[in-house]
Each structure stands twice: as structure tokens, then as C-alpha cells.
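Worksheet for the structure shown next.
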There are 2 protein chains.
Amino acid sequence: MVTRGIRGQGSRSGGRPTLEEVAARAGVGRGTVSRVVNGSPRVSEETRAAVEAAVDELGYVPNRAARALAANRTDAIALVVPEVESRFFAEPYFSDIVRGVGAALDSTEMQLLLTIVGNDRERSRLARYLAGNRVDGVLLVSVHADDPLPELLVQLDIPVVLSGRRSENEPLAWVDADNVAGARSAVSHLIARGRRTIATITGLLDVYGAQCRLDGYRQALAAAGLDADEGLVAPADFTEEGGRRAMTELLERRPQLDAVFVASDVMAVGARQVLRERGRTVPDDVALVGFDDSAIAHRMDPPLTSVHWPIEEMGREMTRVLLAEIADRRPATTRGTKGRQIVLPTKLIPRASS
Amino acid sequence: MVTRGIRGQGSRSGGRPTLEEVAARAGVGRGTVSRVVNGSPRVSEETRAAVEAAVDELGYVPNRAARALAANRTDAIALVVPEVESRFFAEPYFSDIVRGVGAALDSTEMQLLLTIVGNDRERSRLARYLAGNRVDGVLLVSVHADDPLPELLVQLDIPVVLSGRRSENEPLAWVDADNVAGARSAVSHLIARGRRTIATITGLLDVYGAQCRLDGYRQALAAAGLDADEGLVAPADFTEEGGRRAMTELLERRPQLDAVFVASDVMAVGARQVLRERGRTVPDDVALVGFDDSAIAHRMDPPLTSVHWPIEEMGREMTRVLLAEIADRRPATTRGTKGRQIVLPTKLIPRASS
DNA sequence: ATCACACATGGGAGCGCTCCCACAGTACCT
DNA sequence: AGGTACTGTGGGAGCGCTCCCATGTGTGAT
């Protein structure tokens with residue numbers, strides 16, 4: 001290996017000042033400077049002032065590597081996105097999450113590491129990275145049910161917060177939207193508008209959130225005393241094409257339907273196309289409600305009623321929970337669920353489609 | 001300050017193994033393990049095998065903080081984007097750059113830190129971060145001429161590579177597209193198609209790249225022996241609205257023009273609108289060529305001829321140059337420009353607009 | 001056989017911090 | 001007067017590595 005000739009590069013002469021140098025300048029001990037820099041209250045006012053002056057004069061900035069080594073913390077958290085890059089940039093979801101996380105971190109000294117894990121090579125690199133003690137905690141967004149990352153993090157005993165649960169009894173910390181209530185409000189809204197034969201197009205049902213949205217649909221029907229008709233439930237996969245197929249199926253099976261609750265806006269786009277092709281008008285013949293309140297919802301013709309969920313706030317909450325987990329560090333098994341598992345409210349945004 | 005109770009968390013019992021433990025297990029010294037882990041050739045085959053076995057058995061992963069402290073390097077580089085988040089996610093440019101950087105880093109142990117600096121608060125946080133010795137080098141994209149970041153990095157003696165120059169004699173390392181040749185090829189193409197009164201809409205002329213594109217325009221005219229007519233040059237600002245204004249101006253000043261070279265696709269969209277409003281057909285009345293070959297170029301009606309530049313490759317090259325700078329660490333002033341300043345070729349993509 | 005020189009190896013020193021123990025000083029009780 | 005308690009402070013130990021020097025051990029030339 002090539003000798004890097006780095007040693008000494010940043011030392012004594014002209015390099016970054018060290019704690020010791022600040023201490024010498026301020027005429028105090030190393031420990032005292034450390035206390036001042038870290039905001040410990042156990043320092044007298046005069047001493048603090050003297051140290052702060054020395055810090056300013058020398059332009060002292062703590063060496064993070066040294067701090068990380070000595071304190072066994074890094075003051076950095078990772079936002080891990082197990083998706084290919086293109087999706088990361090394409091979906092507004094991630095942009096909102098990043099904004100929320102950034103906002104929550106703004107008042108902190110924590111640094112955010114954005115890690116996009118698109119393939120297995122990158123995944124194993126991340127695993128090595130995490131094992132190398134490089135972050136204090138991990139925010140895991142868009143995690144699939146079979147992803148090994150959460151398990152890995154548990155093994156490494158690194159605090160983690162998920163966006164969304166993987167199942168009803170998710171043991172890890174998470175922040176999730178209230179999908180059940182969101183779906184319920186959508187379907188109740190359709191009922192309130194006089195619809196009686198309400199179908200639903202679901203997402204991939206092994207995704208927990210999709211299951212919740214279906215549950216909400218059923219609850220709303222039950223609450224209104226409407227019969228549950230399994231012929232009105234068409235499973236799909238969150239894609240536009242899936243929405244097309246499911247809508248086609250529904251029209252064949254239950255031509256008399258007068259409303260559809262679609263579990264994502266993207267699928268609603270597909271459903272809308274099929275309705276137009278079959279000559280059904282929206283909302284007169286068939287009312288349509290989507291989920292996600294994404295940008296396409298506005299742009300549809302007619303604009304799509306949709307269930308909004310606060311993505312940016314999810315980012316903020318996830319960060320808050322993670323910072324708490326980090327501060328409260330103790331064996332993961334002794335932590336309860338309180339305050340570590342958070343449901344955020346959803347909100348129906350009525351538009352012309354219903 | 002609250003006692004964190006962290007110390008010991010990752011030590012002896014059950015925690016991450018250390019070099020020393022691997023050494024004990026393999027029956028060798030600490031130095032030898034370090035050599036094996038870092039791929040030094042000065043280790044015998046048997047010893048290497050024994051150490052590697054011990055590493056595997058214990059699941060040893062080097063502690064990066066310790067390594068960073070001891071070796072004064074971090075094995076991480078930052079990609080700094082001085083833009084608001086929304087632009088970062090909106091512009092395909094950044095996604096391509098990130099892809100290129102990721103590709104170049106794929107075979108490395110280097111970690112990428114994505115840092116979006118949207119406001120001054122974040123900028124000063126970044127400054128503190130960089131001063132804290134946290135990265136070995138910085139990739140600076142989309143840097144504005146008056147941004148203080150490059151200077152800061154020079155002062156901190158942190159290797160940096162820019163995407164694009166700030167001026168003709170950019171002293172820092174950079175990777176840039178050949179804007180002059182790109183513009184020249186666009187205008188030569190128009191000349192070859194028989195156009196004789198060729199106007200241009202420029203970008204913000206205090207951006208060096210915009211200046212280059214204007215130079216290329218002039219060179220192509222001169223090479224063809226066409227007169228330079230300053231009335232055919234309309235300065236704009238890279239926005240769609242700017243393109244509209246400039247096109248309007250040009251049509252008033254030189255109604256006889258038969259072609260326009262527009263220094264960005266976005267401005268070309270604006271120009272196209274004005275031409276349509278004035279009843280000028282494209283390409284019959286006026287031929288149009290853009291720059292950037294962005295997604296909108298395909299979608300225009302007619303599809304826009306545009307100058308392509310290899311953004312992903314820029315990301316790759318920037319990374320390559322930065323890694324070389326880091327490996328070759330020595331006083332910045334003694335480094336020449338060779339291999340540190342790279343021009344990548346552009347390519348004209350002819351479409352129906354010309 | 002002797003010297004010279006390579007190569008492989010062990011381990012000390014030290015990177016710049018945090019943590020914590022020890023100690024001095026002061027204050028307030030008994 | 002001594003005891004206890006607390007506060008502010010200095011500095012040792014140690015985090016887990018890398019770098020390098022010293023030491024061994026083997027090889028070939030003399």
C-alpha cells in the first residue's frame with residue numbers, strides 16, 4: 001500500500017488546534033475545556049469565559065473522530081432508503097421525508113447521512129459500514145417485509161426507527177400514518193354522499209399498510225350497516241396497471257357499483273382510465289377516492305379526492321423518536337413501546353371526483 | 001450533562017471485536033493484523049490465512065472512528081449541493097451526478113455523504129462539520145460564483161473537486177463539459193442545414209459555462225465566415241420566462257432570423273412558445289437548437305435538437321479526480337493542473353426542430 | 001564462515017478526545 | 001475544633017486503531 005504521508009499533516013504547526021492547546025492558552029486543564037465545549041454546568045463563569053475566548057481565538061473545532069472513539073458515539077444518524085436511486089429521486093415521498101428529518105435535526109449537532117441502497121452489493125457495504133460503529137442510529141424508510149436490514153440493526157444493537165410497521169406487532173420503534181382511519185374516512189365520505197355499492201382496490205396485501213386500508217374500508221361499511229360483499233374487493237399492487245386490471249375486474253363482477261375507494265392515487269389513475277373507456281363518468285356514475293394525496297391527485301380530471309398523510313411530519317417524528325432512543329440507550333428488550341411507536345393522523349381532502 | 005452510560009456498551013463482553021482480540025486469536029501481533037486488514041503485501045501467506053480466519057470467526061470489522069483518528073483520514077467524502085432541497089430532488093441533473101459518483105465509489109471503501117445546503121444555517125453547520133475533520137474530500141456541485149464554500153475548503157486544506165469552473169482560470173480541481181465545442185457543434189449544424197441568420201439566447205453571463213456557450217456560438221459563425229451581428233445575441237437567465245423575453249426581443253430586432261441556438265432546453269421551451277404565438281413554424285421558418293439534452297427536449301413539439309453532456313460521467317470523473325487528490329495529498333499549491341482539470345465531450349443530438 | 005540486506009513480525013507511541021477519580025477549596029453543620 | 005458535603009478543577013487512563021522502530025530470521029554474496 002502506498003504510504004500516504006498523512007501523519008503530521010494536521011498537527012502542531014498550522015494544523016487544527018487540539019483541546020490541549022486550547023487548555024494551555026486558557027490556562028486551565030484539558031478536562032475543563034472539554035466541560036466547557038460540551039456545555040457541562042460544572043464550570044465557573046470566569047473559567048468558562050476564559051475558555052470560550054481561547055476557543056474563539058484559536059478557532060478550535062473538536063475532532064469528531066477522537067470524540068467518537070472516546071465517547072463511543074458519532075453524532076451522526078443514517079437515513080437508509082432501500083430503493084434504487086431512480087425511485088428515490090422520482091418519488092416526492094422521499095423528498096418530504098428528507099425535509100422533515102432535516103428540520104428535526106436543524107437544532108442538533110447530529111449529522112445526517114443519506115444512504116440509498118439499490119442492490120445487494122450496496123446493501124452489504126452498508127452492513128459493513130454500520131458494523132463499523134459509524135452512526136448512532138438509523139432511520140429506515142420504505143422497508144419491505146422481507147428486508148434483512150432491521151434484523152441486522154437489532155443484532156448490532158443500533159437504535160432504529162421505521163417508517164411504517166411491517167406487521168401488527170412490530171417490535172421496533174416506528175412512525176406510521178393512521179391508514180385504518182384514513183380509509184374509514186374515505187369510505188364514510190362516499191357513504192355520506194349517498195353511495196351504497198362501494199368497491200375497493202387494495203394495495204399489495206402483504207404490505208401491512210395495504211391491509212390496514214382494507215380494514216378501514218370494511219369498518220366504514222360495517223359502521224354504516226352496509227353488507228360486506230367480497231366481490232367488491234379487488235386486490236392490486238400499487239401500480240397504475242394493477243389499478244386498471246382491478247377496475248376492469250370490478251366492473252365485470254359488480255357492474256352496478258357506484259363508488260370505488262382506491263388504496264393509492266397511482267392505482268386510481270389506472271382505474272380512472274378504465275372508467276373512461278367504459279363510458280362511466282366520474283363522479284356522476286362512479287365516485288372515486290384515492291389515498292396519498294400525491295401530486296397526480298390534483299392533476300387528474302376531475303381532481304381526485306384523496307386521503308392525505310403527513311409525510312414531512314413523519315420524518316420529523318421519526319427523528320425525534322430516534323434521538324430519544326439514542327439518548328435513552330439501554331438494552332433494546334427492556335424498552336417498552338410507549339412513545340416509540342407513533343401513529344399520525346390522516347385527513348381526507350375532498351375534490352371533484354366524489 | 002447526563003451520563004450516557006455508553007462506555008463499555010460495546011466492549012469486552014459480546015461487543016464488537018477489536019484488532020487486539022483478532023491478534024490474540026490468530027496468535028500474532030496487533031501490527032500484523034492491521035497489515036492484513038489493510039492489504040499490505042508484507043505479510044507471509046500462512047500468517048495472512050490465519051489472520052483472515054480469525055477475522056471471519058470473530059466477525060471483525062475495523063472501528064472507523066479509531067482508524068480515522070490514528071490515520072487522520074476518514075474514508076468518507078461529501079457531495080455538497082448548495083441548493084434548496086426541492087431543486088435537488090426536482091432536477092434530474094443531481095440524480096445523474098449521484099449515480100455517477102456512486103458508480104465510481106462502488107469499488108472503494110469510501111463512503112458518500114450527501115449534504116444539501118439550502119440556507120445559511122445549514123451552510124455554517126456544514127462549515128463546522130468540515131472543520132471537524134470528518135471527510136477526506138468534497139465534491140462541490142452547482143457552485144455559484146460567489147459561494148464562500150470553495151475558499152473555506154482551501155483554507156481547511158480539504159481536497160475539493162468542482163463540477164464546472166467558476167472562471168477561465170479556476171485554480172481548484174474541476175470537471176466540466178466542453179461547452180464551447182458543444183455550442184460550436186450546434187451552430188455549425190444549423191449552418192450546415194443552410195441557415196444563415198442565426199441568433200442565440202444566452203444563459204446568465206456571469207456563469208462561466210454560459211459565457212463558453214456564447215463563445216462557441218461566435219466561433220462557429222466566424223469559422224463559417226458569417227458576420228457577427230450583436231443584434232442576434234439576446235442575454236437571458238436560464239429560465240423559461242427569460243427565454244420568452246429574449247425570443248420576443250430577437251424577433252423585434254431581427255425579424256429575418258432563420259435559426260436560434262438557445263443555451264438551455266428550459267429557455268428553448270420559452271422561445272418555442274413565442275415562436276408559436278408569432279406564427280413562426282419550427283423548423284421551417286426558424287430552426288431551434290437547445291443545450292442540456294434534458295427530458296423536456298424529447299417531449300417538445302417538434303422534439304428539440306439539443307447538445308448532450310455526460311452528467312453521470314461527470315460524477316464519475318469528479319470522484320476519480322477527488323480520490324486521486326486524496327491519495328496524492330500534499331500542499332495544494334504545489335499541485336499542477338494536470339489531470340485535475342478535465343473537460344468532457346459534448347454531443348449534438350439532432351431532432352426534428354432543426 | 002562472515003557480512004549485508006532483505007523480509008516478516010511484535011509492540012510502543014500516539015492520534016484527540018471523554019470519563020472519572022482525586023484533590024483542593026469553600027460552606028455549613030455539629 | 002472537627003466533620004460532612006458540595007463544587008470546581010486537573011490530569012491519568014483508555015477508546016481502537018496506524019505508524020514505525022526494533023528485533024528476529026532467512027537468503028545470497030563475499
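Here the structure is a predicted model, which is why all the values come from computation and not from measurement. Letters go in sequence order (proteins before strands), and every chain restarts at 1.
Remark: B:Arg35 engages no residue in a salt bridge (Lys or Arg N to Asp or Glu O under 4.0 Å) (not counting sequence neighbours). Qualifying salt bridge (Lys or Arg N to Asp or Glu O under 4.0 Å) partners for A:Glu83, counting only residues two or more places apart in sequence or in other chains: A:Arg87.
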Using atom types as modelled, flag every donor-acceptor pair under 3.5 Å from a side chain in residues 60-70 of chain B to any protein atom, sequence neighbours excluded.
residue: B:Asn63; atom: OD1; partner: B:Ala65; partner atom: N; Å: 2.8
residue: B:Asn63; atom: OD1; partner: B:Ala66; partner atom: N; Å: 3.1
residue: B:Arg67; atom: NH2; partner: B:Asn38; partner atom: OD1; Å: 3.3

Can you give me every donor-acceptor pair (side chain of residues 101-110 of chain B, partner residue at least two apart or in another chain, under 3.5 Å) with its distance?
residue: B:Asp106; atom: OD2; partner: A:Arg121; partner atom: NE; Å: 3.4
residue: B:Asp106; atom: OD2; partner: A:Arg121; partner atom: NH2; Å: 3.0
residue: B:Thr108; atom: OG1; partner: B:Leu105; partner atom: O; Å: 3.2
residue: B:Glu109; atom: OE1; partner: A:Arg128; partner atom: NH1; Å: 3.1
residue: B:Glu109; atom: OE2; partner: A:Arg128; partner atom: NH1; Å: 2.4

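By the 4.5 Å heavy-atom criterion applied to side chains, A:Val81 and A:Thr115 are not counted as neighbours. The shortest distance between side-chain heavy atoms of B:Val22 and B:Val28 does not fall below 4.5 Å.
Here the C1' atom of nucleotide C:dC17 and the CZ atom of A:Arg16 are 16 Å apart, to the nearest Å. Going from atom CZ of B:Arg42 over to atom P of D:dT18 covers 17 Å, rounded to whole Å. Rounded to an integer number of Å, the gap from B:Glu45 CD to C:dC7 P is 15 Å. Residue A:Glu20 contributes atom CD, which lies 12 Å from atom C1' of C:dC15 at whole-angstrom precision. The interatomic distance linking A:Asn72 (CG) with D:dC15 (P) rounds to 11 Å, in whole Å. As rounded to whole Å, 17 Å separates atom P of D:dG8 from atom CG of A:Asn38.
Comparing D:dT9, D:dC19, D:dG16 by their nearest atom to the side chain of A:Val43 picks out D:dT9. Comparing C:dC17, D:dG16, C:dC7 by their nearest atom to the side chain of A:Leu19 picks out C:dC17. Listed nucleotides: C:dC17, D:dC17, D:dC20. Nearest to the side chain of B:Arg67: D:dC17. Picking from D:dT18, D:dT9, C:dC15 the nucleotide with the shortest atom distance to the side chain of A:Ser44 gives D:dT9. Side-chain proximity of A:Leu69 to D:dC19, D:dC15, C:dC19: nearest is D:dC15. In this structure, the nucleotide among D:dC17, D:dG8, C:dG16 sitting nearest to the side chain of A:Ala70 is C:dG16. Checking D:dG12, D:dG16, C:dG11 against every side-chain atom of B:Arg35, the shortest atom distance belongs to C:dG11. Candidate nucleotides D:dG16, D:dT18, C:dA8 were compared by shortest atom distance to the side chain of B:Thr47, and C:dA8 ranks first.
Remark: A:Ser34 is not in phosphate contact with C:dC17, judged by side-chain N or O atoms under 4.0 Å from OP1 or OP2. When the side-chain nitrogen and oxygen atoms of B:Thr32 are compared with OP1 and OP2 of C:dG10, one or more of them lie within a distance under 4.0 Å.
Annotation: salt bridge (charged side-chain N to carboxylate O under 4.0 Å, His left out) contacts involving residues 52-61 of chain A, sequence neighbours excluded, comprise A:Arg25-A:Glu57.
Axis angle across the helix from C:dA1-D:dT30 to C:dT30-D:dA1, with five pairs used at each end and values rounded to 10°: 50°.
Looking at which nucleotide of DNA chain C each of B:Ala66 and A:Arg30 is closest to, the 5′-most match is held by B:Ala66. DNA chain C is contacted by both A:Asn63 and B:Arg48; B:Arg48 maps to the nucleotide lying nearer its 5′ end (nearest heavy atom per residue).
Under a 4.0 Å N-O distance rule, the pair A:Arg125/A:Glu122 does not qualify as a salt bridge.
If you check every strand for non-hydrogen atoms under 4.0 Å, A:Arg64 touches nothing.
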